J.: 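Got a structure for you, written out below as structure tokens; questions coming shortly.
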Amino acid sequence: MSSSRPARKSSKGDYIETDSGNKVSRKALITGTPNITLAGRTVLMPDVHLRGDIVRVRPPPPTTTTSTTSLDPSSAATAKPSSSSSSQSTTAISIGKSTIIATSTILRPPARLLRGLLQPYPLKIGEQVLIGPGCVVESAQIHNHVHVGARCVLGAFSVLRENCRVLEGSCVPAGMVVPPGAVVAGRPARVVGEVGEGFGVDGVGEGWVEGGELREVVRGIR
Amino acid sequence: MTSITPSDGRRITVNRSRPSAVSAHATSPHTPLSRSVSGSLYNSPTATAFRVDDENHLVIELGARSIRVGFAGESRPRCHLYYSPDQLRRIGDYRQYAPDYDARSRKRKRGEEHWARDGYELWRPDLRDTDLSFVGERLERLLREVEATYLMLDSRARKVSLVAGAQLPRPLLEVALAGLFGVLQTPTVTLFPASIMAVVGAGLRAALVVDIGWAETVVSAVYEYREVATGRTVRAGRALTWAMSKILDDDEELTVEDAEDILIRSGWCLSDSTPTGMEKEMVTIEIGEYSYEISRKELAEPIEQVFFAQDSKTGHSDDHDKSLAAVAYDVLLHLPLDVRKLCISRIIITGGPSSIPGLKSRLLQELNSFINAYGWNPVRNYGSVYRTASKPDTIPTQASTQITIPLEPTKITESTTKPSPELPVPAVPAHLAPQEPDFVRAKSASRVGPSPISGVVRGVHSLGAWTGASLLASLRTRGLAEIERDKFLAGGLTGLLNVKQPAGKQGVGERRSWSLAAWT
Amino acid sequence: MAQNPLPYTYYSCPCVNTSAPVPILAANRKHSREQPPTDTTEFDNEEQTFDSRSPRANLSLVPLEHLLWCTECHQMRCARCVLEEVQCWYCPACLFEVPSSTVRSEGNRCTRSCYNCPICTSPLTINPMEDPRQEDKPEHATGPFIMMCPWCNWSSLDLGIKLEKGTNVTAQLAKIRNGRKAGKIQDAEVTSPTQEQPLSPLAIQHSSIDDAEAEATSPRPDMLSTDHDELFTRLRNFYQQQIVESSEASMFGPSFSSTDGFSSPSAISRLLNIYTGKKTKRTKPVPMREALSPSEGLHIHSPADDTDSLTCLSTTPWPDTTTTAQRALQPGDHAPPFTSDLWPIATLLRTKRSKRCRACRTLLARPEARMNYRWRIRTLALNHMPKLTLLPLATTTTSSGGMPTLGPDLGTPAHIAQRASLSAPLRTGQTHTYLLTTANPLEDVLSVTLATPPTTPGRVGTRVTILCPQFSVGKNSDVWDEALGAQPAAASKRRSGMPSGMPTVGEDGAQARVAEAGKVWASGRNWTSVVVEVVPGMLPEDASEEEADLEIAVFVRIEYETDAAGEEKAVAATAKEKREEAFWCVLGVGTIQSTFA
Amino acid sequence: MSDPKRTSRSAPSKRTSLLPSAPKPPCKIDPAATIASSTVLAGIHPITIAAHAVLHPHARIVSAEGPVTIGEGCIVFEKATIGPLAPSTSTESATITAPPSTILGKNVTISTGVTIEGCAIGDGCVIEPYARIGQGAKVGRYCKVVAYGEVPKGAKVDDYTVVYGKGKRRVDRTMKEWGEMRELKEAVHERQVRGYQGLIPSNIAKWS
């Protein structure tokens with residue numbers, strides 16, 4: 001992994017902790033590690049699948065970036081092949097700071113045919129994102145402070161904008177864009193409401209609130 | 001259709017908003033004719049929206065089971081919401097969207113008394129056990145919801161036209177107005193009685209309106225945009241869905257949602273216009289994960305028993321036992337002859353269940369058979385001999401079709417009224433004096449030539465009360481009763497009436513006798 | 001999920017009684033609140049016990065994160081005691097901001113290429129129908145394009161629609177639809193049964209296209225929509241003509257010349273020619289006649305209509321009829337009865353709104369007018385009101401701060417066990433102990449008084465005891481102290497042996513220490529936990545799902561002294577000012593196990 | 001399936017899955033097939049994998065209860081489990097006499113976490129994440145089962161049917177009535193297969 005994966009502090013314990021504070025479970029199932037970027041204090045829990053091997057087969061040398069250049073959601077939604085520009089590097093999956101991928105969740109970069117060839121696109125996840133256990137994620141991008149409940153399916157090229165909330169067991173259809181601060185639920189998922197103005201705000205500075213800072217939780221995981 | 005630039009259209013409407021301007025406008029009387037649909041890209045049916053310059057003029061039709069909200073001048077409401085218990089959930093309670101949540105598992109009070117009560121209807125005709133403030137708060141939330149999701153007003157609503165049944169109880173009306181003023185912050189609310197709006201929506205001035213609502217069906221005879229007679233029965237939507245819920249299995253009742261789904265998807269009504277052999281067909285209907293084999297006949301059964309089954313002979317029974325046709329017939333029976341004559345051939349069947357295929361034909365056909373059987377003789381119970389004797393009474397109605405030739409208007413109607421002495425002569429308001437329709441006929445005759453047909457049973461489709469109100473509102477006409485916010489907030493409806501009373505404008509007293517009176 | 005994910009806390013906005021939007025109803029409301037009389041000895045007499053089960057309560061209960069705070073009124077503000085203003089309109093699918101000028105005319109819907117599936121509501125994607133096998137292709141796909149539902153596989157081909165361009169779908173669809181409408185009118189001219197009803201000579205003079213439309217008005221299910229709108233147009237034109245004509249004549253009529261005449265309802269009388277007594281007769285207005293021909297919007301019922309729709313019905317299998325849900329989705333209160341006629345639904349716009357206090361018009365929340373989740377102004381109740389949480393004593397996680405909280409569900413065995421015990425059914429008659437934690441967002445020490453009816457109102461009489469109803473909560477000191485507070489300083493205040501990090505599973509913790517009345521269980525920098533004992537009552541046989549979900553209403557009264565300028569967080573300490581707040585809140589406990597199941 | 005704990009158990013970690021000690025089932029694998037090294041083939045009954053089939057990492061083919069046949073150009077994603085379940089878990093298997101076999105037709109896509117319990121699935125079907133096809137079910141051609149959709153034991157799903165929710169079925173008219181769309185789908189699928197073949201290092205040798 002880009003941020004010096006091999007640097008293993010705790011040889012004991014369930015998690016391998018990189019010097020940038022990433023916590024990767026020993027039971028996480030990761031393929032194509034060079035194509036995966038963890039920004040730091042990122043947690044990959046047991047039985048998480050990262051499909052780093054699903055990536056553009058392009059000559060340019062592998063330069064891993066933590067770029068969060070927004071992939072134009074509308075183009076992602078309406079299946080236009082124009083959005084390939086942002087994926088010159090061979091980043092398959094990039095995950096932001098203090099983001100937690102809970103147990104047995106699968107991250108697979110979305111792919112579509114482009115001029116007759118299968119073209120994977122990078123899967124980008126922002127900061128302070130929590131993706132609950134047992135999810136399948138094929139999104140193009142998940143912005144900061146998104147909360148995804150347990151057992152959700154995020155379809156190919158779906159885009160979750162900041163501070164939105166995906167309720168437990170929802171299935172976001174392929175290409176759907178979830179607007180900022182929306183609450184989506186159902187199969188297929190639709191916008192069922194808006195988060196409160198105070199979503200993610202921890203007034204008392206103790207513990208954890210949905211959509212809020214995850215540093216505390218990350219610290220608690222070991 | 002010719003189309004013109006919206007700017008043009010706007011100028012016109014602006015003009016119409018000033019009395020002084022209207023005179024100027026009247027000099028060019030034909031401009032409005034060239035008004036046409038604004039060619040909007042928006043391809044939903046609401047596309048045919050007229051650019052009324054007075055934005056944010058809302059038209060709201062408030063029903064017991066659903067609410068329609070939209071903008072004046074548009075052909076359709078922006079939204080038509082049915083009430084459901086889920087609307088009563090707390091903010092942030094999304095459990096109904098959880099994948100494993102099943103509305104069918106929702107425990108409900110059973111039995112017809114409780115059928116589709118809590119959550120499904122905003123009020124019931126019997127207000128005794130209704131928490132009015134709850135109704136009010138609920139309506140407020142609903143309006144807020146509608147405003148946020150469908151209207152998205154950029155500024156406060158300037159006017160609101162409220163369409164409601166004339167039989168809407170005063171307290172409810174008060175609560176509703178409170179909600180409108182409170183949530184939409186509108187300065188004025190205008191009241192339109194539903195039945196009359198249905199007539200307007202049909203392009204008529206007189207008609208027999210059969211409004212099949214949720215709690216009750218209201219049959220009202222409208223003449224010159226006034227309700228002159230009404231009959232009511234509980235044979236309506238609620239009873240119908242209840243009957244539907246029993247269709248599959250008598251002891252196990254379906255949810256309201258399922259019952260309505262079956263009704264709307266496969267409910268139909270036997271009539272002369274039924275395709276041959278339809279009732280023998282079998283259909284498979286699916287509810288949740290189960291599917292049932294059922295015959296078309298059975299699917300038509302609830303409509304039969306609820307709307308047309310005759311519990312007892314008409315005449316001896318109150319309206320609830322009569323079939324819809326019987327109620328309609330009785331209303332007609334109590335009309336003065338010439339009014340009746342017009343109404344018979346202008347029968348508007350509206351309200352939710354009226355869309356059930358076959359229902360309209362059936363109702364008209366039943367009504368027809370009633371008329372043929374009894375004529376217009378209110379006395380029903382002396383022997384068959386007399387009935388045949390009373391047959392002639394039907395003739396005048398037929399005769400009246402002939403006498404609607406423009407040439408000799410007045411006398412003949414009188415002559416028709418004379419020879420049938422056993423006809424009831426109800427207290428006819430002065431403005432309904434027999435000669436006045438003739439006056440109209442004469443007038444219209446002078447302009448139109450042949451006068452409207454009458455005497456034969458004929459159904460007329462209406463665009464519905466909401467659309468009717470939308471038409472009127474967009475034509476910048478004042479409502480039957482206009483209520484100003486401040487006055488209402490000051491004294492409520494009662495105070496309002498007192499305000500209206502002294503206003504010595506000619507015509508007000510008369511108006512009150514039939515508009516606000518409808519709600520008092 | 002039988003109920004809200006536990007734990008949940010709802011706050012009752014006081015506006016229920018006070019700020020009813022219409023004052024005259026406020027009184028009406030007060031007395032119409034019929035609350036079951038429970039002994040309210042421990043409350044001031046003006047307080048009634050709060051029945052969280054009453055249907056009205058649902059309308060007034062709000063989660064803390066949804067509550068705003070008015071710094072002028074020093075009160076929480078919920079959706080019903082704020083006034084909203086639209087900040088901007090945007091399409092949730094393409095996130096394009098729509099200028100307010102076009103919003104209304106386009107029906108509050110996206111006019112670009114955003115559509116939803118008429119069958120299952122998921123957003124449609126627009127895909128080129130190009131064969132991937134042909135290699136040499138331009139960068140941008142060439143049509144034809146179709147709209148496809150990624151969920152239920154509905155596609156515009158079901159309507160036989162292919163699009164030339166992948167963009168500006170709305171315009172293309174509109175064109176196609178209008179084209180078809182015209183087409184149908186032509187067919188109708190040929191095929192549709194002509195209504196047998198006397199047409200006035202007027203009608204005959206009308207242009208053939210009008211007649212064609214007229215005949216098109218025999219309602220085949222697939223044509224109702226066009227019907228409705230065309231009829232509307234014709235009716236409208238008809239009425240306008242009538243107004244012009246009648247107003248021409250009645251201009252000199254008294255009802256008109258009087259200036260108040262217009263504002264008076266006699267205007268409608270003029271339009272509808274309700275002649276106002278003898279006067280009008282004298283002025284001889286040309287009376288408005290009724291619509292006489294289809295070209296004027298008259299639409300006669302013909303049995304053929306019903307026969308048509310019935311034949312359609314009998315030839316259509318159940319799955320191809322539209323469900324109530326699908327009908328509800330169709331815009332404009334019109335839905336075709338058969339799925340084969342469903343058109344894609346243009347995506348409904350959404351709005352960002354700013355909120356003002358209904359009482360004093362103070363701006364409480366104002367989002368940025370751009371496509372993000374940022375706020376220009378946002379005064380939240382959760383920064384001004386204590387946060388209450390109820391957790392089973394057995395399953396309290398303690399984050400390093402020490403406050404008993406419930407972490408997110410991460411699916412580890414520990415978490416699964418935790419959730420399981422959270423949603424474990426409550427047994428009638430058994431004593432369940434919970435930890436009620438009050439956390440303080442303010443920079444002043446709170447003195448808190450909790451009160452709850454000894455038995456919950458309603459049929460299920462659950463006994464609830466707060467062992468320590470009066471206590472104080474430390475102030476929410478600034479970041480530095482927080483950093484320090486996280487260290488043993490606070491930890492020492494907690495009972496020893498309370499493991500931190502992962503949840504303490506099971507009773508061992510509970511056994512370790514017995515909760516005593518009047519004693520605080522644990523407290524930290526700005527939070528205090530007290531024990532609540534709950535003894536669920538007996539569920540009646542016909543209990544509703546709401547009755548089975550046990551929740552307790554707690555009346556919270558807080559007192560604190562603050563700088564007069566406390567809200568503005570002014571460092572300059574001015575004269576202290578005593579504040580008192582009181583409100584009801586409802587805490588979710590769990591689901592009572594039915595003894596009849 | 002939905003319980004994360006169970007899924008974590010059902011999918012073994014990287015290391016254990018590679019253990020050679022696991023008894024190798026009798027396999028007939030076309031050389032043109034692609035099988036990731038961490039794919040799991042287990043059981044005693046024969047497993048047949050046709051040409052151009054793509055088995056993603058951590059997909060599981062279990063022939064413990066009966067033979068499994070995977071048709072040409074099938075794509076099976078992570079954590080999908082194909083093969084009849086053990087009698088202990090499937091209640092009705094006691095009544096079933098012959099060993100239930102699992103057959104995937106041509107160009108079938110089995111998505112993540114799907115469970116296929118000994119049933120027949122027609123050509124060109126798409127089974128989305130965490131869907132479940134019960135024992136003895138028959139799924140026709142060009143069908144689709146959405147995420148978390150279920151086809152109960154022994155149920156029959158006609159050609160071109162879309163199971164898009166609890167008790168929600170509809171006929172995919174696009175596929176049924178438009179031959180060109182079917183061709184298109186085939187072409188796209190074929191390209192996908194080619195794409196994945198390029199991405200996933202195959203390790204057939206391990207199984208044959």
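Nothing here was measured: the structure is a model prediction, and the numbers come from that model.
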J.: Given side chains that start at C-beta, do those of C:T324 and B:Y82 come closer than 4.5 Å, heavy atoms only?
T.: no
J.: With side chains defined as the heavy atoms from C-beta onward, is the minimum distance between C:T323 and B:R265 less than 4.5 Å?
T.: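 Touching, per the 4.5 Å side-chain cut-off.
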J.: Against chain B, work out which of C:T351, C:L313, C:T316, C:I345 has the most heavy-atom pairs shorter than 4.5 Å and name it.
T.: C:L313
J.: At a heavy-atom separation under 4.5 Å, does B:R68 approach chain C through its side chain, its backbone, both, or neither?
T.: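 Just the side chain, heavy atoms under 4.5 Å.
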J.: Could you check whether any side-chain heavy atom of B:S470 comes within less than 4.5 Å of a side-chain heavy atom of C:F232, counting everything from C-beta outward?
T.: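 B:S470 vs C:F232: side chains touch.
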J.: Rounded to the nearest 0.5 Å, what's the gap from CD1 on B:I348 to NE2 on C:H301? Could you check?
T.: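 It comes to 13.0 Å.
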J.: Where does C:S52 contact chain B at under 4.5 Å (heavy atoms): side chain, backbone, both or neither?
T.: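 For C:S52, backbone and side chain are both near chain B.
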J.: With side chains defined as the heavy atoms from C-beta onward, is the minimum distance between B:D154 and C:V103 less than 4.5 Å?
T.: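 No, their side chains stay 4.5 Å or more apart.
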J.: To check you understand the geometry: which heavy-atom pair defines the closest contact between B:M152 and C:W89, and what is its length?
T.: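 It is O-NE1, 3.3 Å.
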J.: Can you give me the closest heavy-atom contact between B:S266 and C:W318, atom names plus distance?
T.: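 Closest heavy-atom pair between B:S266 and C:W318: OG-CZ3, 3.7 Å.
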J.: In the structure I gave you, are the side-chain heavy atoms of B:L204 and C:L298 within less than 4.5 Å of one another anywhere?
T.: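 Yes, close enough: below the 4.5 Å cut-off.
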J.: So, are B:E137 and C:R56 salt-bridged, with charged N and O less than 4.0 Å apart?
T.: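 Answer for the salt bridge query: yes.
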J.: Please flag which part of C:P319 lies under 4.5 Å from any non-hydrogen atom of chain B: side chain, backbone, both or neither.
T.: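 It is both, since atoms from each part get that close.
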J.: When rounded to the nearest 0.5 angstrom, what distance separates SG in C:C78 from CD1 in B:I91?
T.: 6.5 Å
J.: Within the 4.5 Å heavy-atom criterion, are C:R80 and B:E140 side-chain neighbours or not?
T.: no
J.: Does B:L151 offer a backbone N or O that forms a donor-acceptor pair with the side chain of C:N108 under 3.5 Å?
T.: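 Pair found, side chain donor or acceptor close to backbone of B:L151.
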J.: Under the rule for side chain to side chain contact (heavy atoms under 4.5 Å, CB included), what residues qualify as partners of B:S291, not counting sequence neighbours?
T.: B:T284, B:E286
J.: Measure distances from C:L349 to the heavy atoms of chain B and classify the residue's part below 4.5 Å as side chain, backbone, both or neither.
T.: both
J.: Which one, C:P63, C:A57, C:A325, C:S100, leads in non-hydrogen pairs under 4.5 Å with chain B?
T.: C:P63
J.: Select one option (side chain, backbone, both, neither) describing which atoms of C:T322 are under 4.5 Å from chain B's heavy atoms.
T.: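 Backbone of C:T322 only, per the 4.5 Å heavy-atom cut-off to chain B.
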J.: May I ask you to test the C:L59-B:L88 pair for a side-chain heavy-atom distance under 4.5 Å?
T.: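 Answer yes - side chains close enough.
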J.: Look up atom OG1 in B:T467 and atom NE2 in C:H228, then write down how far apart they are to the nearest 0.5 Å.
T.: 3.5 Å
J.: Would B:Q185 and C:L83 count as a side chain to side chain contact (heavy atoms under 4.5 Å, CB included) if you check the C-alpha gap in whole Å, the side-chain angles of each, and the deciding distance to 0.1 Å?
T.: CA-CA 10 Å; B:Q185 301 274 306; C:L83 296 171; 4.1 Å; yes
J.: Does any heavy atom of chain C fall under 4.5 Å from the side chain of B:V460, the backbone, both, or neither of them?
T.: both
J.: Could you check whether C:D306 and B:S273, counting side-chain N and O atoms only, form a donor-acceptor pair closer than 3.5 Å?
T.: no
J.: Applying salt bridge (Lys or Arg N to Asp or Glu O under 4.0 Å), can you list everything that pairs with B:R296, at least two apart in sequence or on another chain?
T.: B:E281
J.: For residues B:G203 and C:Y239, report the shortest heavy-atom separation together with the two atoms involved.
T.: CA-OH, 3.4 Å
J.: Can you measure from CZ (B:R89) to CG (C:L61) and round to the nearest 0.5 angstrom?
T.: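 These two atoms lie 14.0 Å from each other.
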J.: Any idea which of C:H66, C:E65, C:R327, C:E84 has the most non-hydrogen atom pairs under 4.5 angstrom with chain B?
T.: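 Heavy-atom pair counts peak at C:R327.
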J.: Heavy-atom pairs under 4.5 Å with chain C - which of B:C79, B:P171, B:A148 has more of them than the others?
T.: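 With the most close heavy-atom pairs to chain C, the winner is B:A148.
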J.: Apply salt bridge (charged side-chain N to carboxylate O under 4.0 Å, His left out) to B:E147 and C:R353, showing your working.
T.: CA-CA 12 Å; B:E147 202 283 318; C:R353 327 185 130 227; 3.1 Å; yes
J.: Can you tell me how far OG of C:S309 sits from CH2 of B:W268, rounded to the nearest 0.5 angstrom?
T.: 11.5 Å
J.: Using a cut-off of under 4.5 Å for heavy-atom pairs, which of B:A202, B:C269, B:S361 has the most such pairs with chain C?
T.: B:S361
J.: As a quick check of understanding, evaluate side chain to side chain contact (heavy atoms under 4.5 Å, CB included) for B:K360 and C:D305, giving each step before the final call.
T.: CA-CA 10 Å; B:K360 285 176 179 164; C:D305 306 349; over 6 Å; no
J.: With a 4.5 Å limit on heavy-atom distance, are the side chains of B:M278 and C:T311 in contact?
T.: no
J.: Stepwise, does the side chain to side chain contact (heavy atoms under 4.5 Å, CB included) test hold for C:L348 with B:Y150?
T.: CA-CA 8 Å; C:L348 201 56; B:Y150 297 98; 3.9 Å; yes
J.: Considering all heavy atoms of both residues, which atom of C:R236 and which atom of B:S474 are nearest to each other, and what is their separation?
T.: NH1-OG, 2.5 Å
